[in-house]
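Because the structure is a prediction, the values reported are computed rather than measured. Throughout, numbering of the chain's residues begins at 1 and tracks the sequence.
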Amino acid sequence: MKNTHRAWSLVGILLLLSPLAAFAQARSFAQGPYQDVEIQVKDLDSDRVIATVQPGGTITLREGQRVRLIMAADHPGQRGLVYPETEFTETDPGRGWVRVTKTNVDNANATLRIVRPSGTTRGRTETLHYRIVENIGMPDSLRQGTINVRVEPAAAAGSAPTSAATRQQARDLTNKLYQAILMRNPDETGARAHVDSIAKGGYPALIQVAERIAESDESRIGVYERDGVCNQQRLLSMYKNLLGLSANQIDREQWEEDLKRMNAGDIDAVVTGMVRSPRFQQLHNLERMAIRY
C-alpha cells in the first residue's frame with residue numbers, strides 16, 4: 001500500500017509540474033536565438049513595401065525617390081517578424097546620393113531620399129550602416145552590418161540652352177507649387193533658384209523642388225502663423241493647384257489618408273505623391289510641353 005500511495009503521489013506531482021515544465025520549455029523556445037534579419041524597403045509615394053534586402057545585399061532606387069527602411073528580425077517561436085530598435089547611418093554623411101533625412105530608432109526605421117550630390121564624379125552605389133541597439137538577446141553577428149544602394153540616374157537633361165518656353169513652364173510650375181504648399185504667390189527673388197533648377201533639370205528637378213518647398217521652415221511652421229490656416233485648408237489647396245480637383249471631386253478614402261500624413265508631419269510625402277501622379281503630369285502638360293522627363 002505504501003508503494004502504491006507513493007506511486008500515486010509521484011504521479012500527482014508530475015501532473016502538477018507538467019504545465020510549469022511546458023511553460024518553461026515554451027518560454028525557452030520563444031527566447032531562443034534569432035535566425036536572420038532583413039530590411040524592408042517601403043516606397044513613400046505608394047506606401048507599399050517594394051523590396052527586401054539582406055545584410056550585405058544591394059537594392060536599386062531611382063534618383064529623386066523617397067523610401068523608408070524597416071529592420072525586421074525572424075524570432076523562433078513567435079508569429080511573424082519583430083522590429084528591434086535600430087539606427088541607420090550614412091557612410092559619408094551629407095555627401096553621397098543617399099541621405100538619411102529622418103530616423104525613428106524605436107520603430108526600427110529610417111527615411112531615405114535619393115539626391116544628386118555636388119560631386120559629379122562620385123559613384124552611384126552608396127553604403128548604409130545599421131546597428132540594432134535594443135537588447136533582446138540577438139547574436140552579435142546580426143546586430144550590425146551594411147546594405148548597398150545603387151542609384152538609377154534621372155534622364156539626362158541635355159546641354160542645349162534653356163528655351164523661353166521651357167523657362168515659362170518652369171515659372172508656371174513653381175507658382176503652382178508655392179500656391180499649393182505655402183498658399184501664396186512666390187516672391188521673385190526667392191523663387192528664381194527653383195525656376196532655374198526646374199528649367200535645367202526637368203521633371204526630376206521639379207520633384208526635388210517640390211520636396212524642398214514642402215520641407216521648408218515656412219511650410220512646417222510659418223504658414224500656420226496666418227489666421228485660420230490648418231491642414232485641411234492646405235490639403236484642399238494642394239488638390240486644387242496640383243491636381244485640379246475641387247472639394248466634391250476628391251476621393252474620400254484618399255483624402256483621409258493624405259490628411260493623416262499631413263497631421264503626422266509628412267507634408268513632403270503628400271506633395272511628392274501628387275507631383276509624381278499621372279494626373280499631375282497630364283494636367284500640367286508635362287508629356288507634350290518643354291519640361292523633360
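- The two residues A170 and V195 have their closest heavy-atom pair at CB-O, 3.6 Å.
- Side-chain atoms of R131 and V133, non-hydrogen and from C-beta on, do get closer than 4.5 Å to each other.
- In this structure, V115 is not a member of the same hydrophobic cluster as V271, with clusters built from ILVMFWY side-chain heavy atoms closer than 4.5 Å.
- Inter-residue side-chain proximity for L182 and S216 is flagged as met; some heavy-atom pair is nearer than 4.5 Å.
- Of the possible polar contacts, none joining the Q168 side chain to the A165 backbone as a donor-acceptor pair under 3.5 Å is found.
- The hydrophobic cluster containing I250 also contains I181, counting ILVMFWY residues as joined when their side-chain heavy atoms lie under 4.5 angstrom apart, directly or transitively.
- Taking CZ of R276 as the start and CD1 of I207 as the end, the distance is 4.0 Å to the nearest 0.5 Å.
- Using a 4.5 Å cut-off on side-chain heavy atoms (C-beta onward), Q208 and S197 make no contact.
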Practice prompt. For side-chain contact (heavy atoms from CB on, under 4.5 Å), just list the numbers for I39 and Y130, CA-CA rounded to whole Å, side-chain angles, deciding distance to a tenth of an Å, and then say yes or no.
Written response: CA-CA 10 Å; I39 298 172; Y130 69 82; 3.9 Å; yes

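- Remark: the backbone N or O of A180 is paired with a side-chain donor or acceptor of S237 at under 3.5 angstrom.
- Contact annotation: the side chain of D74 never approaches that of V37 to less than 4.5 Å [non-hydrogen atoms, C-beta and beyond].
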Fill in: CA sep, side-chain torsions, deciding dist, call: R184, Y178, side-chain contact (heavy atoms from CB on, under 4.5 Å)
CA-CA 6 Å; R184 68 173 177 86; Y178 270 75; 3.7 Å; yes

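- Inter-residue side-chain proximity for R62 and I114 is flagged as unmet; no heavy-atom pair is nearer than 4.5 Å.
- Closest approach of V49 to Q40, counting heavy atoms only: CG1-CB, 4.2 Å.
- Both I213 and F280 are part of a single hydrophobic cluster, where members link through side-chain heavy atoms under 4.5 Å apart.
- Under 4.0 Å is where a charged nitrogen must lie from a carboxylate oxygen, and between R261 and E256 no such pair does.
- For D92 (side chain) and R95 (main-chain N/O), no donor-acceptor pair under 3.5 Å exists by modelled atom type.
- Both I50 and L128 are members of a single hydrophobic cluster when ILVMFWY side chains are connected at heavy-atom separations under 4.5 Å.
- Here the straight-line distance linking atom CZ of R167 with atom CG of D172 works out to 12.0 Å at 0.5 Å rounding.
- The closest donor-acceptor contact from the side chain of T127 to the backbone of T91 lies at 3.5 Å or more, if one exists at all.
- Across all non-hydrogen atoms, the minimal contact from E126 to G96 is OE2-CA, 3.4 Å.
- A donor-acceptor pair is defined here as one N or O able to donate and one able to accept, closer than 3.5 Å; no such pair exists between the side chain of N107 and the backbone of N109.
- R143 has no carboxylate O lying under 4.0 Å from a charged side-chain N of E85, or vice versa, which leaves the two without a salt bridge.
- Contact annotation: the side chain of R99 approaches that of E90 to within less than 4.5 Å [non-hydrogen atoms, C-beta and beyond].
- In this structure, a donor-acceptor pair under 3.5 Å is absent between the side chains of T101 and R66.
- Within a 6.0 Å sphere centred on CZ of R150, heavy atoms belonging to other residues, nucleotides or ligands number 12 at most.
- Put simply, CE on M238 and CG on L245 are 14.0 Å apart, with the number rounded to the nearest 0.5 Å.
- Dense packing is recorded around CZ of R226, with more than 12 heavy atoms of other residues, nucleotides or ligands lying under 6.0 Å away.
- Closest of all the heavy-atom pairs between I147 and Q54 is CG2-O, 3.9 Å.
- Remark: the backbone N or O of T52 is not paired with any side-chain donor or acceptor of E38 at under 3.5 angstrom.
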Item to complete: Apply side-chain contact (heavy atoms from CB on, under 4.5 Å) to the pair R124 and W97, showing each step before the final yes or no.
Response: CA-CA 7 Å; R124 289 186 177 271; W97 288 85; 2.9 Å; yes

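- The shortest distance between side-chain heavy atoms of V229 and R234 falls below 4.5 Å.
- The environment of NZ in K240 is sparse: at most 12 heavy-atom neighbours from other residues, nucleotides or ligands sit within 6.0 Å.
- If you check the side chains of S246 and Q249, you find a donor sitting under 3.5 Å from an acceptor.
- In terms of heavy atoms, G64 sits closest to E211 at O-OE2, 3.6 Å.
- Checking side-chain atoms of T86 against main-chain N and O of I132 turns up no donor-acceptor pair under 3.5 Å.
- If you check the side chains of T125 and N148, you find no donor sitting under 3.5 Å from an acceptor.
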Worksheet item: How far apart are the C-alpha atoms of R68 and I70, what are their side-chain angles, what is the distance that settles it, and do they pass the side-chain contact (heavy atoms from CB on, under 4.5 Å) test?
Response: CA-CA 6 Å; R68 181 161 294 149; I70 306 169; 4.1 Å; yes

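- Atom CE of M274 and atom CD of Q254 lie 7.5 Å apart (nearest 0.5 Å).
- Rounded to the nearest 0.5 Å, atoms CD (Q282) and CG (L243) are 11.0 Å apart.
- Using a 3.5 Å distance cut-off with no hydrogens or angles, the side chains of D258 and Y239 do pair a donor with an acceptor.
- Residues R212 and D268 are not paired through a salt bridge, judged by the lack of any N-O separation under 4.0 Å between the basic side chain and the carboxylate.
- Annotation: the span from T60 atom OG1 to Q65 atom CD amounts to 10.0 Å, rounded to 0.5 Å.
- Transitive grouping of hydrophobic side chains (ILVMFWY, heavy atoms separated by less than 4.5 Å) keeps V41 and L44 in distinct clusters.
- Checked for salt-bridge contact, E215 and R220 miss the test: no charged N lies under 4.0 Å from a carboxylate O.
- D266 places no side-chain N or O within 3.5 Å of a backbone atom of M262 that could act as its donor or acceptor partner.
- For the residue pair A205 and I198, the shortest heavy atom distance occurs at CB-CA, 4.1 Å.
- Here the side chains of L206 and L177 are in contact, with some heavy-atom distance below 4.5 Å.
- A donor and an acceptor atom, one from each side chain of N263 and N231, are located under 3.5 Å apart.
- The number of heavy-atom neighbours closer than 6.0 Å to CG of D227, taken from other residues, nucleotides and ligands shown, is 12 or below.
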